[in-house]
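Below is one structure, written out as structure tokens, with a few remarks after it.
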Amino acid sequence: MGIFSLFGKKGVKQEDRSTEKSSSRKTRSKNGNTVIGGFQDSEIFSNSIIAQRHIARATERKIDAIEFEMSRDIVKTRPPTITKTDLGAPTEPMERKAPPVEFQTTLPMMMPTDYLLGQNSEMSASALAYSESVPVLEEAAILFASGQNEVAEQMLVAAVQHQELGGATEIGWQMLFDLYRISNDQHKFESLSLDYANKFETSPPLWPENQAGNDNDAEPQGDTTVANVSFPAKLDSGTIKVLEKLQVSASKSKSLRLDFARVKEVDPIGCGLLLRALKGLKKSGHDLLLVGAKDLADKIRAILLVGRRDETEAPWLLLLEILQLLHFEQAFEEVSMDYCITFEVSPPSFEAPKNNITSAMPEVQEQEEATDRYMMPKVVEGKTEFLISNIALQAEQHNPLILDCTRLERVEFGASAQLLNGLAPIASKAGMNIRFEGVNYLVMMLFNAMGLKNIASIVPRKH
């Protein structure tokens, strides 16, 4: 799908001109701005109007050209497909100029289970989280990731009861606790807690008090997922990069969170690009959460002058569009009259959006806590292009890239290979640091087995 089919083209400019002209037309002043009042009929004014229209058309052509380039780039940069043979092999990142990362992969599934159960490793839990491998635990993690919970449970029970896992002993027990917690088996969890207390002579992990409500609190999947798109400090032609990601997100999710809190400057071309995007989203019926939209409206208003015709009407129209989305009808009427006087057209009428639009004011402390880390979903499975695109956008604005896994319960085996493939180009950027935090022990051992430990730090959750 091209960019025009999603965002749409700007409608034909309204050419209606008021036929009633009166010598008593009121002049107007707003914020110290003086309306052009009495020289409409002069030759100089007419020539300036023609020149401004030529400039406006040139600006519109610039916006069209930028959107065309975006559409062409999207076609060129299709994500690679993952085949079955790729899942167990090291994966090279796309379009990398830096030296390739050598992934230290393990192949536990190629060894007989009896042989794996006889392995013996001496290590600490902290070292295990970052580099070392315990084949039996990795195989159990892969079985769990593949949906074979019962086999994974049997392997873990045998490992903790009959094996000397050395420094990894605690990891094996914690993997079992995680398995029982995720499968909502409180009886086995409490039974294991008694065995744990006898063996380690310390308090065992506690059954989560809100575990019973977890099924009802499951994260919505598919089209109901809210995708976050943050705009940069300057709204200009470079905004096209963010709008490319917005297009991908809009094709995957019905709900979008558009964050304008970082925008400090605006220019006409950036306004034109955002205007078309917002009109397309409103037409497609997407639900929008607008963060910092009122501040953005104030920044747009600051570059406008009543009576002055700039190179394009886009900033005026974007301001009117945002005021409609925010349901600011009175402010809309005031700006529409200024627009009418400036461009000598009939004032647009207020139309409340039919789709669900909500707004939020950016709060500095909350926003810093919310945006410096990316919250991973409850389950990662199937195709991961949408997830990777959101993580890549987060990485453009934050280093280190912190992936919060406190809600993450399971990563499908095939999806873990795609995750590795998608994160490798991000990790290859100079100075980039990726960190998974709050990872449960089943997922941690899967990441170790798949080689994610070679491109990211993996910090297990605390009990």
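Sequence positions, counted from 1, serve as the residue numbers for this chain.
With Ile434 as reference, Leu403 is the one residue of Leu403, Ile402, Ile458 to meet the side chain to side chain contact (heavy atoms under 4.5 Å, CB included) rule.
Sequence neighbours left out, not one pair with a member in residues 145-168 passes ring-ring contact (aromatic ring centres under 6.0 Å, His included). Residues in residues 314-328 take part in these salt bridge (Lys or Arg N to Asp or Glu O under 4.0 Å) pairs, two or more places apart or across chains: Lys279-Glu321, Lys282-Glu321. Listed by first then second residue, pairs satisfying ring-ring contact (aromatic ring centres under 6.0 Å, His included) with a partner in residues 257-285 read Phe231-Phe260, not counting sequence neighbours. Counting only residues at least two apart or on different chains, no salt bridge (Lys or Arg N to Asp or Glu O under 4.0 Å) pair has a member in residues 140-150.
Under the side-chain contact (heavy atoms from CB on, under 4.5 Å) criterion, Val160 pairs with Trp173, Leu176, sequence neighbours left out. Qualifying side chain to side chain donor-acceptor pair (under 3.5 Å) partners for Glu396, counting only residues two or more places apart in sequence or in other chains: Lys245. Residues passing the side-chain contact (heavy atoms from CB on, under 4.5 Å) test with Pro348, sequence neighbours excluded: Leu320, Phe332, Ser336, Tyr339. Residues forming a salt bridge (charged side-chain N to carboxylate O under 4.0 Å, His left out) with Lys188 (at least two apart in sequence, or on another chain): Glu153. Evaluation of the side-chain contact (heavy atoms from CB on, under 4.5 Å) rule for Met375 yields Asp404, Thr406, Arg407 as partners, not counting sequence neighbours. Listed by chain and residue number, nothing satisfies the salt bridge (charged side-chain N to carboxylate O under 4.0 Å, His left out) test with Glu190 (two or more places apart in sequence, or in another chain). With sequence neighbours excluded, the residues forming a side-chain contact (heavy atoms from CB on, under 4.5 Å) with Gln397 are Ser230, Arg262, Leu393, listed by chain and number.
Under a 4.0 Å N-O distance rule, the pair Asp298/Lys294 qualifies as a salt bridge. The pair Arg435-Glu437 meets the salt-bridge criterion, since a charged nitrogen lies less than 4.0 angstrom from a carboxylate oxygen.
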Which atom pairs, donor and acceptor, lie under 3.5 Å between side-chain atoms of residues 193-205 and protein residues at least two apart or in another chain?
from, atom 1, to, atom 2, distance (Å)
Ser193, OG, Phe189, O, 2.8
Tyr196, OH, Glu170, OE1, 3.2
Tyr196, OH, Glu170, OE2, 2.9
Asn198, ND2, Leu194, O, 3.3

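Ser253 contributes no side-chain N or O that, together with a main-chain N or O of Ala250, makes up a donor-acceptor pair within less than 3.5 Å. Counting only distance, with no hydrogens or angles, the side chain of Asp259 and the backbone of Gly292 share no donor-acceptor pair below 3.5 Å. Remark: the backbone N or O of His187 is not paired with any side-chain donor or acceptor of Ser191 at under 3.5 angstrom.
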Requested in this report: Walk me through it: do Val229 and Val242 pass the test side-chain contact (heavy atoms from CB on, under 4.5 Å)?
Outcome: CA-CA 7 Å; Val229 179; Val242 178; 3.5 Å; yes

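Proximity of Leu137 to Asn448: side-chain heavy atoms (C-beta onward) are nowhere separated by under 4.5 Å. In this structure the side chain of Leu179 never reaches within 4.5 angstrom of the side chain of Ile182, judged on heavy atoms. Residues Pro377 and Val380 form a side-chain contact, since some pair of their non-hydrogen atoms from C-beta on lies under 4.5 Å apart.
Between atom CG of residue Asp295 and atom NZ of residue Lys264 there is a gap of 8.0 Å, rounded to the nearest 0.5 Å.
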